[in-house]
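Worksheet: one structure, shown below.
Throughout, protein chains are lettered first and strands after them, A, B, ... in sequence-line order, and every chain is numbered starting at 1. Fair warning: this is a prediction, and the values are worked out from it, not measured in the lab.
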Amino acid sequence: EADIYQTPRYLVIGTGKKITLECSQTMGHDKMYWYQQDPGMELHLIHYSYGVNSTEKGDLSSESTVSRIRTEHFPLTLESARPSHTSQYLCASSEFGRKGLPLANYGYTFGSGTRLTVV
Amino acid sequence: KNQVEQSPQSLIILEGKNCTLQCNYTVSPFSNLRWYKQDTGRGPVSLTIMTFSENTKSNGRYTATLDADTKQSSLHITASQLSDSASYICVVSDRGSTLGRLYFGRGTQLTVWP
């Protein structure tokens, strides 16, 4: 019963095209994240947001950009896709820091991911 | 350096058997440890979350243990089913972050054979 939705699930696109990966959550979480994951490898944080109008780059350098105009929506854009961008992209949100919530026990939910292939 | 190491990298067991997956971490200061199940091509789904004061937590046939002194955790799966075939990821959060920062292991790829 996922409350965080990613579209599309799969995308095959040509080099040089502009793409936007959509991510929406209905849980009212302030914190949202984008991760990149290659097969058999760990997730790498590429972007995050503390809330509306907040966006930051993560640990792994990425040519993608993100925006956070609404709490529930955190899209990721690649202006010019390249084969090196081929990967799985996972969106997540968390209730970390919500008032009254224990700092050590908070929900952290992932979307189903978008498998991007650039040819 | 904050790290999470998992073993084994992959594991094959027969349906109905039990298995135990291991996780060692160096993340400090420690906040919590989560186990996720990730089916191929899908996002991770939470199985358990444990804080510093918790030693064990169960979720159906999944039982996680935590030893915060030795910085080790294990995930025990009882009476495995074919649907348990997936990657199991150990994830540790640190207390010093204002973001809810997570550190991920590479996962153990479990295959259950009939």
Side-chain angles (χ1 to χ4, degrees), chain A residues 1-6 8-11 23 25 29-45 47-51 54-60 87-98 101-117, chain B residues 1-6 8-11 23 25 27-54 57 64 66 68 86-111:
Chain A
E1 64 289 333
D3 296 306
I4 181 165
Y5 305 95
Q6 289 187 245
R9 285 292 322 282
Y10 303 94
L11 180 61
C23 176
Q25 52 101 359
H29 289 170
D30 286 330
K31 312 292 191 300
M32 294 191 74
Y33 319 79
W34 275 102
Y35 291 88
Q36 187 172 339
Q37 185 184 29
D38 292 319
M41 302 297 288
E42 64 268 48
L43 279 71
H44 290 286
L45 183 67
H47 296 284
Y48 59 93
S49 168
Y50 285 101
S54 155
T55 60
E56 303 285 346
K57 289 193 178 293
D59 304 319
L60 184 67
S87 188
Q88 168 140 311
Y89 293 85
L90 290 159
C91 181
S93 72
S94 82
E95 56 184 355
F96 179 79
R98 179 171 284 181
L101 189 71
L103 281 177
N105 193 343
Y106 53 91
Y108 201 110
T109 307
F110 288 88
S112 292
T114 294
R115 165 62 66 183
L116 173 65
T117 302
Chain B
K1 182 181 176 184
N2 289 321
Q3 285 185 311
V4 178
E5 301 286 344
Q6 291 187 243
Q9 184 175 353
S10 61
L11 181 63
C23 174
Y25 62 92
V27 178
S28 181
F30 175 85
S31 176
N32 60 59
L33 185 145
R34 305 167 188 260
W35 282 95
Y36 282 88
K37 177 186 179 187
Q38 185 176 24
D39 293 314
T40 301
R42 309 287 298 193
V45 174
S46 180
L47 295 175
T48 63
I49 174 172
M50 287 182 292
T51 59
F52 186 87
S53 59
E54 295 173 297
K57 184 157 291 185
L66 173 65
S87 179
Y88 290 83
I89 305 173
C90 177
V91 185
V92 181
S93 179
D94 73 52
R95 227 177 332 115
S97 168
T98 59
L99 176 65
R101 176 65 178 267
L102 301 185
Y103 297 88
F104 293 83
R106 291 190 174 185
T108 292
Q109 184 64 48
L110 175 66
T111 303

Check whether the side chains of Ser94(A) and Tyr33(A) place a donor and an acceptor atom closer than 3.5 Å, and report yes or no.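 Yes, a side-chain donor-acceptor pair sits under 3.5 Å.
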Any side-chain donor-acceptor pair under 3.5 Å between Asp94(B) and Ser31(B)?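 No pair is found: no donor N or O on one side chain lies under 3.5 Å from an acceptor on the other.
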Taking side chain as everything from C-beta outward and backbone as N, CA, C, O, which of these in Tyr36(B) sits under 4.5 Å from a heavy atom of chain A? Side chain, backbone, both or neither.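 Side chain only.
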Could you look at Gln9(B) and say if it's the side chain, the backbone, both or neither that has a heavy atom under 4.5 Å from chain A?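 For Gln9(B), no heavy atom lies under 4.5 Å from chain A.
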Among the options Gln6(A), Gln37(A), Met41(A), Glu42(A), pick out the one with the most heavy-atom pairs lying under 4.5 Å from chain B.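 Top count of heavy-atom pairs under 4.5 Å with chain B: Glu42(A).
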Quick one: does Val91(B)'s side chain get under 4.5 Å of Asn32(B)'s, heavy atoms only?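 No, side chains not in contact.
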Under 4.5 Å from any heavy atom of chain B - which part of Leu90(A):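 Answer is side chain: those atoms of Leu90(A) sit under 4.5 Å from chain B.
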Please check: side-chain N/O of Ser49(A) versus main-chain N/O of Ser54(A), any donor-acceptor pairing under 3.5 Å?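 Flag set: sc Ser49(A) to bb Ser54(A) pair under 3.5 Å.
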